[in-house]
A.B. asks: 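The structure is given below, and queries will be raised subsequently.
Within every chain, numbering begins at 1; the chains are lettered A, B, ... in the order of the sequence lines, protein sequences first and strands thereafter. Model, not experiment: these values are computed from the prediction.
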Amino acid sequence: MKSKLTTMADAISRFVEDGSTILIDGFTHLICFAAAHEIIRQRKRNLTLCRMTPDLIYDQMIAAGCASKVIFSWAGNPGAGSLFGLRRAIEKQIPGPLEVEEYSHFGLAARLIAGAANLPFYPVQSYLGSDLPEVNPRIRTVTCPYTERSIATVPALNPDIAIVHAQRADSDGNTQVWGITGIQKETAFAAKSVIVVVEELVDSKVIRSDPNRTLIPGMVVDAVVLEPLGCHPSYVQGYYDRDNDFYIAWGDISRDQSSLDRYLDEWIYGVGSRSEYVEKLGPDDVSRLKAELVLTTPVNYGY
Amino acid sequence: MKSKLTTMADAISRFVEDGSTILIDGFTHLICFAAAHEIIRQRKRNLTLCRMTPDLIYDQMIAAGCASKVIFSWAGNPGAGSLFGLRRAIEKQIPGPLEVEEYSHFGLAARLIAGAANLPFYPVQSYLGSDLPEVNPRIRTVTCPYTERSIATVPALNPDIAIVHAQRADSDGNTQVWGITGIQKETAFAAKSVIVVVEELVDSKVIRSDPNRTLIPGMVVDAVVLEPLGCHPSYVQGYYDRDNDFYIAWGDISRDQSSLDRYLDEWIYGVGSRSEYVEKLGPDDVSRLKAELVLTTPVNYGY
Amino acid sequence: MAASYSTSELMVVRAARELLDGEVVFVGIGLPNLACNLARHTHAPNLTLIYESGVVGSEPERLPLSIGDPCLVKGAAAVCSISDVFQHYLVNEKIDVGFLGAAQMDRYGNINTTVIGSYENPIVRLPGSGGACEMAIHAKRVVVIATQNLKTFPETVDFITSPGQNSKGRSRLEWGLPGGGPAMLITNLGVFKFDSESGEVILTEIHPGVERSDVVNTIGWNLRVAGDITETPEPTVDELRIIREELDPDHLYI
Amino acid sequence: MAASYSTSELMVVRAARELLDGEVVFVGIGLPNLACNLARHTHAPNLTLIYESGVVGSEPERLPLSIGDPCLVKGAAAVCSISDVFQHYLVNEKIDVGFLGAAQMDRYGNINTTVIGSYENPIVRLPGSGGACEMAIHAKRVVVIATQNLKTFPETVDFITSPGQNSKGRSRLEWGLPGGGPAMLITNLGVFKFDSESGEVILTEIHPGVERSDVVNTIGWNLRVAGDITETPEPTVDELRIIREELDPDHLYI
């Protein structure tokens, strides 16, 4: 079979088209900034960006003019304040208007649970007494055929492209994740195309020594990209810590569009790839964030 | 907090009452015969037995007169033929009548998925063109509020007691499973009480060295029983193999009630506990089934 | 010249040749398992084997004796829950080929594995659906393997566990069934396909040494026979060697 | 004699004392995280900490700066998916206590974290619900922590993100909400409970050195005050030591 291994530049240009609905996943963990930066560099436009937490990654893409719509459930800078890029787009239409489709965390997660299970809808025990259904016509209800009670529903979400960062995969795309796994598995099974980005490419024997650790099987993966430190300033359990200094600094960087533009020029347009970004970051930051070694107790798969 | 550690005899007498709805889980793997044998010894009656695959474990309980109803989706001897105990009860009401509630695998799994998620029903894309809904009034339909199409539903299943066998747990009941995990996680979260039975009781540090491996958290576990070889003639990945000779022999043992009764007398009523059963089994069988050592490649949880 | 072989071996080889390299197959125990692993060892090295128990990309070192044999897990690409194997793989239309057995099958491929006689008072209580109903509904195509006699192929089945090409007078399209349903039937006497319009089973190949009358007389309806009917191709020496020496050295299924 | 302490420290200690040993708590970042870990280090060693990110039985060695900080995972009892943490824990009614913040809260504990102004053309776009709506619906009880001013406690909120004791004229019973909803409000000025009949917030404790008028004048409605109103108990030296030396040594939140 044709190899799935490729570069980030090739994967983004092949799979992400203007107007695509994309989901770069990772719930506060494994957030693939390397993919977002390449999308910004390739000046993709009119994207619908889906994520439970837009985080800095979508704040940057929105400020860079890549997005016409965002589907989300919590739009803050985790632990550190506001997403000014996203707010400027919604409050002041800068750099352009941004359509908003909003859920609670469980509501948006349920859209992906349904998408992965090939269900047209998912029932969610939520939204009673809240104003959210009044501003989102996609939140509807069904009557339970057993209790006769009404229960809220959300429709399936099937993104055109899912980009999932992980600790390791083999060249077939069998992908293993540990630490916080978020909604990555459902996202991969819900999406029409899947790009996996990893810190380490490993021999299939390593993956197959622990099959329960595999979150995403190669059969649903279209491309595999090796991109060490691909999540900075986010983190990868067992590899490097979250750059909290940067998350806090983002408040000042993003508070006005001009300083945010300067960041885009210097750190995204100003570098050609993630490896150049890492070089620019410098060895001090890289070693400051490097993870200590805390290994698991092995288990036996013999019979 | 009061310790959850106890003996099988105590756990069964405390949690399993006549008339209870119980689920001894494990999809062809981790089937806790030790629990079933203790229930038979304690002569529990009028139980509703739930399992996707009744397997030999429920064939024995039905033949011993413990059950008044069985809820299942495939009632065969996996890889080896018929369940004559279950068939005698259904075909000839021996040792007594047995009510049957039947689903396809996904239908019954979905009842537990709903039970674990506290959903009153679960939508399943199944049963179109099949006679199963005609013989099971619990299979109903809802209309999708987005596609307007009809979709089959099953109601939540919340057993009174779930008994789950696992490789290892700590004394708080934090339970780790690898190999085939079946529907164990959903079963534990769906049940009102949970008994965990393990091959090894380990220090909490071992569990916490690999939190993604934990399938069932201690907070939903009521009792922890240490019972090595508790699954024989079924198997435990990494500990011992399935005793296929016995699964094949079960066909002849169970073909008539008298020979099945002789088995119950010798191997269940005739022993006081699982450890006596293992002693009776003898060192040759135990060593014949012992698993070879095939360890996982460890992963790093550091930051 | 062809070596001598058993009917089971012929059936296994014929089924294996239906599997294309790169496909994803939902494997059953017995002949289907032998067919899938034979294909993986011959023309389809990139066949992905998925077992109902949740094992994905399995490469068993020994003959699995149940759907949950530990040999399926060791060295597999992934293991997932029952919830996931049905929702994310089968219902989510990731399965190209599934295998089904049948206690009874009618002319449209409707399969009964539930009861002989009435449901309330069965003469024989069969195992039931397992995952068969979902596989018949969702797999892109289904290969049925059965032993041929009048009991197995009656005019009408006692119970429809798994829908075929036309169930209760309605086509798969009319039912809205997403998968392709039965595409091939392999018995101890011949090989059958299903008519794309009527959905009726059609005899297309007869096993070497079998009389057409033997096939026709053990079918409970007026069997349709293809105009271009051929003889089932015989196993090669290499295929037989792999089956006998690597896949089923104890000859449990052959 | 009591040591000197900040208002944040008083709020953390007061919240910690609301948590009972053996309970299961859905933890948020900031003051709630400090309160839960303080309780775990003092009177509630068997408190189970669950973070929205899917970490169960977390015992963080350092101060987590986000809901998904890697320090939450290392040494935890379990990590599960977002799908599971909401379905199996929160919706499945395993959570005893949840913490919520509020940009706006009305007299019934209805909370707005979505927009200031109109939804279509907001003056300020707030982060939105996250898991707050589900926590307000499913947790057995909710503790609200907020900074008190007229903007925070208006007569009516601009948007109901998370329902309180009475939403849009209907009680929780009438809505069929399974959880208990807001049980306590802790602000920089005092502590409030919710009336079991009317569901209205009632001032029950005033922080040391705070005038009752300061509390009443920064609430946008005619605030109900308990007859047996008391002074908020002060932190102990030991509680302050744990907060300052073990939980937040860099004083990020205190």
A.B. asks: So which residue, N244(A), V135(A), I248(A), ends up with the most heavy-atom pairs under 4.5 Å with chain D?
C.D. replies: V135(A)

A.B. asks: Using non-hydrogen atoms only, which part of V124(D) is less than 4.5 Å away from chain A: side chain, backbone, both, or neither?
C.D. replies: both

A.B. asks: Any donor and acceptor pair, going by atom type alone, linking the side chain of K185(A) with main-chain N or O of S81(D) inside 3.5 Å?
C.D. replies: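 Not confirmed, K185(A) side chain does not pair with S81(D) backbone.
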
A.B. asks: So with a 6.0 Å cut-off around NZ of K151(D), is the heavy-atom count from everything else above 12?
C.D. replies: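 Atom NZ in K151(D) is not crowded, with 12 or fewer foreign heavy atoms closer than 6.0 Å.
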
A.B. asks: Counting heavy-atom pairs under 4.5 Å to chain A, which of G68(D), P163(D), G128(D) comes out on top?
C.D. replies: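 The residue among G68(D), P163(D), G128(D) with the greatest pair count is G68(D).
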
A.B. asks: Where do S104(A) and C133(D) come nearest, in terms of heavy atoms and distance?
C.D. replies: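 Looking at all heavy atoms of both residues, the closest pair is CB-CB, 4.1 Å.
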
A.B. asks: Measuring from K74(D):NZ to E292(A):CD, what's the distance to the nearest 0.5 Å?
C.D. replies: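 Going from the NZ atom of K74(D) to the CD atom of E292(A) covers 4.0 Å.
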
A.B. asks: Please identify, among A76(D), G54(D), S83(D), the residue contributing the most non-hydrogen atom pairs under 4.5 Å to chain A.
C.D. replies: S83(D)

A.B. asks: Heavy-atom pairs under 4.5 Å with chain D - which of T181(A), T28(A), L128(A) has more of them than the others?
C.D. replies: L128(A)

A.B. asks: Between E102(A) and Y119(D), do the side chains contain an N or O donor and an N or O acceptor separated by less than 3.5 Å?
C.D. replies: yes

A.B. asks: Using a cut-off of under 4.5 Å on heavy-atom pairs, state which of I29(D), D69(D), V55(D) scores highest against chain A.
C.D. replies: D69(D)

A.B. asks: Between C71(D) and chain A, which part of the residue has a heavy atom less than 4.5 Å away: side chain, backbone, both or neither?
C.D. replies: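 Nothing of C71(D), per the 4.5 Å heavy-atom cut-off to chain A.
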
A.B. asks: Should the pair F86(D) and H105(A) be assigned to parallel (<30°), tilted (30 to 60°) or perpendicular (>60°) ring geometry?
C.D. replies: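 Taking H105(A) first and then F86(D), their aromatic rings stand perpendicular (interplane angle over 60°).
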
